[in-house]
Chemist: 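Just passing along the structure, written as structure tokens.
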2 protein chains.
Amino acid sequence: MTTIGKVTSLDVAKRAGVSRSAVSRVFTPGASVSPRTAEKVREAAEALGYRPNVLARAMLTGKSKIIGLVVAYLDNHFYPTVLELLSAALEREGYHVLVFMASHTADDIGDVVSQILDYQVDGLVLASVALSSDLADRCRASGVPVVLFNRKLETEGEFAVVSDNRMGGRLAAEHLIALGRTRIGHIAGWEGASTQRDREAGLMEGLRAAGLGLFAREVGDFRLPRAKDAARRMFDTDQRPDAVLVANDYMAFGVMDVLRAELGLSVPEDVAVIGFDDVPSAAWPAYSLTTIKQDAEAMVSATVNALMSEIGGTEVVSPDPLPVSLIRRHSA
Amino acid sequence: MTTIGKVTSLDVAKRAGVSRSAVSRVFTPGASVSPRTAEKVREAAEALGYRPNVLARAMLTGKSKIIGLVVAYLDNHFYPTVLELLSAALEREGYHVLVFMASHTADDIGDVVSQILDYQVDGLVLASVALSSDLADRCRASGVPVVLFNRKLETEGEFAVVSDNRMGGRLAAEHLIALGRTRIGHIAGWEGASTQRDREAGLMEGLRAAGLGLFAREVGDFRLPRAKDAARRMFDTDQRPDAVLVANDYMAFGVMDVLRAELGLSVPEDVAVIGFDDVPSAAWPAYSLTTIKQDAEAMVSATVNALMSEIGGTEVVSPDPLPVSLIRRHSA
DNA sequence: GTCCTCACTGCATGCGTTTGCAAAACAGTG
DNA sequence: CACTGTTTTGCAAACGCATGCAGTGAGGAC
């Protein structure tokens, strides 16, 4: 019996011969309703096709059951994976994800966040976007829990879920060194990102421990074309590195393309390549990219737990960085 | 002056010495307000950090400014691209995207759609999900414009934006034939999808026009592992095809992996491979996949136009399928 | 100066819910 | 049956905003 137009709790109430409150209670888990009226209401609701209006409920309770996600890159396959995981995990908790694309320019993030807050989101996750500290203040002032995903702020206070990027960089260094490589280069991501800085710091640490220094360095800004340019600059020369750590898998694919298709070098014989993230396509034979794996599931899980706790009123503090691991494939 | 907690239009009104209506009107484009009060209000709002509550406005006006998107696959890079485009385009119109993951099982789509409708979305786009016709009815009954993306329903009536998949299949066939290939196979996607059926129909049409038939056929269901299995079945034999049209790029990558890495065949010498979609990674040299390009921008643009029109009250009818084109690279 | 017009403004109502409070129903006890 | 304790239920008041309607004032025409 599909009814056109809005059917409200009042309609259901009338049909079931009860009050609006009664029908509201039937749809509120844990409210006091007799089985008999519950039955009547459910029946009427079914017949009319009634479902509570989430927005109206949101107004009253202040809980919208929506989580804002702002994300900058979707071309880097790591983030679609995260989105899929995150959305699924939140759905399990009764929440849904409102997506906001942050243009790559960093300064309109303020606008974006404002827009999100207009929707009265119950939580906010900022994936791979830099959050200025006054913006962080604004969020906190609005009382919305925010978690930084894959980025952390130097100033403590914001909840951030990150992998142990430093350890990742170190693992990469150690692996390359164990392979006998000595001229090790680094193609960096955007230098404003903590993620980048930590990965590079770990790399340097590992090199230093073996008495080595960085052989070459270029910046790829986490963007594919820039990464390819960086690779050209770094490798189209006589004195080239025999190994390179690229700041993420996505850029690493571009680097490998340049190496093999443009410069005729072979990986790993001429140059060993290590990426970071372990996106699904890193396992594809065409690249078979050795990489430092970030555990996306664990990261998402930490994110969701934090959100749920904070929404529940529990103050929560950033956990230790999540463990990473070296995935050995054929590129190094 | 960051104020903690909610600041409502009443707060602003008080501070500006006007009524709530006035501040409401200031934030409603096209309402009648004198420049002087507008100024006062804007100032007060600024000072208090006031922004209208979208949800409250939604209740009153019935327009939530949110569009629901249900999407099944995010591992196929075509859809992240679409999401990014769609979100950006809708943001330009003042809308935002609420994402719902449809598990791959087809039957819980009903639940998902119900949940979406609970949020009073202004529109609904179903990307790559099959919509049963009674579900379509429910959507229409709720008065929410829905557009099917990259799928169409045999029964007219739903707005669907699709490429000219049939033509695409035909172009692929013609190209392979022009290349002198005669033993042409097809690795199909999920057979319940109109997209699949149309692509295959086009392929058959093209073959028939050249007096050929399909040399081999397997089903890959739009999933990577299935596609690889399909490739193994099709090619691990003496009598193998010398060309194959794979129903989308994502599967084509898997097929190429099997061909080259597992079976030691070379592409295109031993087997020519054509994909469908032209996802960004199809251009990567490691695959250099010849493919039939779907114009994602045009598809998104058509989607947004349709939504905006329908929301504006204009009944709108499905356009012709959008043009596709053959992108020649090295895999065929 | 009077009257009319018109641009503004405030009041009050309503959007579809939830929820504290108090009345009502019910069950149990002596 | 009277009385108490426990559910269950309805009333009414929010939540934050938009908007029709009536009213205020200013400006123009005569």
Side-chain angles (χ1 to χ4, degrees), chain A residues 3 5-42 44-45 48-66 94 117-122 142-144, chain B residues 3 5-42 44-45 48-66 94 117-122 142-144:
Chain A
T3 323
K6 308 285 168 201
V7 29
T8 80
S9 66
L10 186 57
D11 300 327
V12 178
K14 278 202 195 119
R15 187 184 233 261
V18 296
S19 72
R20 290 211 307 282
S21 325
V23 1
S24 169
R25 285 189 248 263
V26 171
F27 287 93
T28 310
S32 162
V33 193
S34 78
R36 209 160 52 84
T37 53
E39 170 64 19
K40 280 192 302 186
V41 167
R42 243 179 261 287
L48 297 175
Y50 169 78
R51 309 201 97 216
N53 179 331
V54 176
L55 265 38
R57 174 179 298 179
M59 282 217 50
L60 211 36
T61 63
K63 316 270 82 184
S64 62
K65 292 301 199 173
I66 100 175
L117 295 180
D118 292 350
Y119 281 90
Q120 312 296 112
V121 295
D122 290 345
S142 74
V144 176
Chain B
T3 323
K6 308 285 170 203
V7 28
T8 79
S9 68
L10 186 56
D11 300 326
V12 178
K14 278 202 195 121
R15 186 183 233 264
V18 297
S19 73
R20 290 210 309 281
S21 324
V23 4
S24 169
R25 284 190 250 263
V26 171
F27 288 92
T28 310
S32 162
V33 193
S34 79
R36 210 162 51 85
T37 54
E39 172 64 18
K40 282 192 301 185
V41 167
R42 243 180 262 287
L48 296 174
Y50 169 79
R51 309 201 96 219
N53 180 330
V54 176
L55 264 39
R57 176 178 294 180
M59 283 218 51
L60 212 38
T61 63
K63 315 270 82 182
S64 63
K65 292 301 199 173
I66 100 176
L117 295 180
D118 291 350
Y119 281 90
Q120 313 295 115
V121 295
D122 290 345
S142 74
V144 176

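So you know, we letter chains A, B, ... as the sequences are listed, proteins then strands, and number each from 1.
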Chemist: If every non-hydrogen atom of Val18(A) is compared with every non-hydrogen atom of Lys40(A), which pair is closest and at what distance?
Modeler: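 Scanning both residues, the minimum pair turns out to be CG1-NZ, 4.2 Å.
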Chemist: If you look at every strand shown and take non-hydrogen atoms under 4.0 Å, does Ser34(B) touch a base, only sugar-phosphate, or nothing?
Modeler: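 Sugar-phosphate contact only.
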Chemist: Go through the structure and list residues passing side chain to side chain donor-acceptor pair (under 3.5 Å) with Ser9(A), not counting sequence neighbours.
Modeler: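 None.
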Chemist: Shortest non-hydrogen contact from Lys6(B) to Asp11(B)?
Modeler: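 Taking Lys6(B) first and Asp11(B) second, the nearest heavy atoms are O-OD2, 4.0 Å.
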Chemist: So, taking the atom named CG in Leu55(B) and the one named CE in Met59(A), what distance separates them when rounded to the nearest 0.5 Å?
Modeler: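 So the CG of Leu55(B) and the CE of Met59(A) are separated by 7.5 Å.
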Chemist: Would you kindly compare Pro35(A) and Ser21(A) by the position of their nearest DNA chain D nucleotide and give the one closer to the 5′ end?
Modeler: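 Comparing both residues, the 5'-ward one is Pro35(A).
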Chemist: Out of curiosity, Asn53(B) CG to Leu60(B) CG, how far, rounded to the nearest 0.5 Å?
Modeler: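 Interatomic distance, Asn53(B) CG to Leu60(B) CG, rounded to 0.5 Å: 11.5 Å.
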Chemist: Provide the start and end nucleotides, 5' to 3', of the part of DNA chain D that has atoms under 4.0 Å from heavy atoms of chain B.
Modeler: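 The contacted stretch runs from dG16(D) to dG20(D).
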Chemist: If I take atom CG from residue Leu48(B) and atom OG1 from residue Thr8(B), how far apart are they, to the nearest 0.5 angstrom?
Modeler: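 OG1 of Thr8(B) is found 9.5 Å from CG of Leu48(B).
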Chemist: Does Val18(A) reach a base, just sugar-phosphate, or nothing at all? Heavy atoms under 4.0 Å.
Modeler: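 Sugar-phosphate: the residue Val18(A), judged by heavy atoms under 4.0 Å, touches backbone atoms but no base.
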Chemist: Can you name the side chain to side chain donor-acceptor pair (under 3.5 Å) partners of Asp118(B), sequence neighbours left out?
Modeler: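 Asp118(B): side chain to side chain donor-acceptor pair (under 3.5 Å) contacts with Arg51(A).
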Chemist: Using a 3.5 Å distance criterion without hydrogens, assess whether the side chain of Tyr119(A) forms a donor-acceptor pair with backbone atoms of Ser64(A).
Modeler: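 Not at all, since once roles are kept as given, no pair shorter than 3.5 Å links the two residues.
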Chemist: So which protein nitrogen or oxygen atoms get under 3.5 Å of nucleotides 24-28 of chain C's nitrogens or oxygens?
Modeler:
none

Chemist: If you measure from CZ on Arg15(B) to CG on Leu10(B), what distance do you get to the nearest 0.5 Å?
Modeler: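 Between Arg15(B) CZ and Leu10(B) CG, I get 14.0 Å after rounding to 0.5 Å.
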Chemist: Atom pairs, N/O to N/O, protein against nucleotides 14-17 of chain C, distance under 3.5 Å?
Modeler:
| from | atom 1 | to | atom 2 | distance (Å) |
| --- | --- | --- | --- | --- |
| dT17(C) | OP1 | Tyr50(A) | OH | 3.3 |
| dT17(C) | OP1 | Asn53(A) | N | 3.2 |
| dT17(C) | OP2 | Ser9(A) | N | 2.7 |
| dT17(C) | OP2 | Ser9(A) | OG | 3.3 |
| dT17(C) | O5' | Tyr50(A) | OH | 3.3 |
| dT17(C) | O4 | Arg20(A) | NH2 | 3.0 |

Chemist: Please table the atom pairs, donor to acceptor, closer than 3.5 Å between any side-chain atom in residues 22-33 of chain A and protein atoms at least two apart or in another chain.
Modeler:
| from | atom 1 | to | atom 2 | distance (Å) |
| --- | --- | --- | --- | --- |
| Thr28(A) | OG1 | Ser24(A) | O | 2.7 |

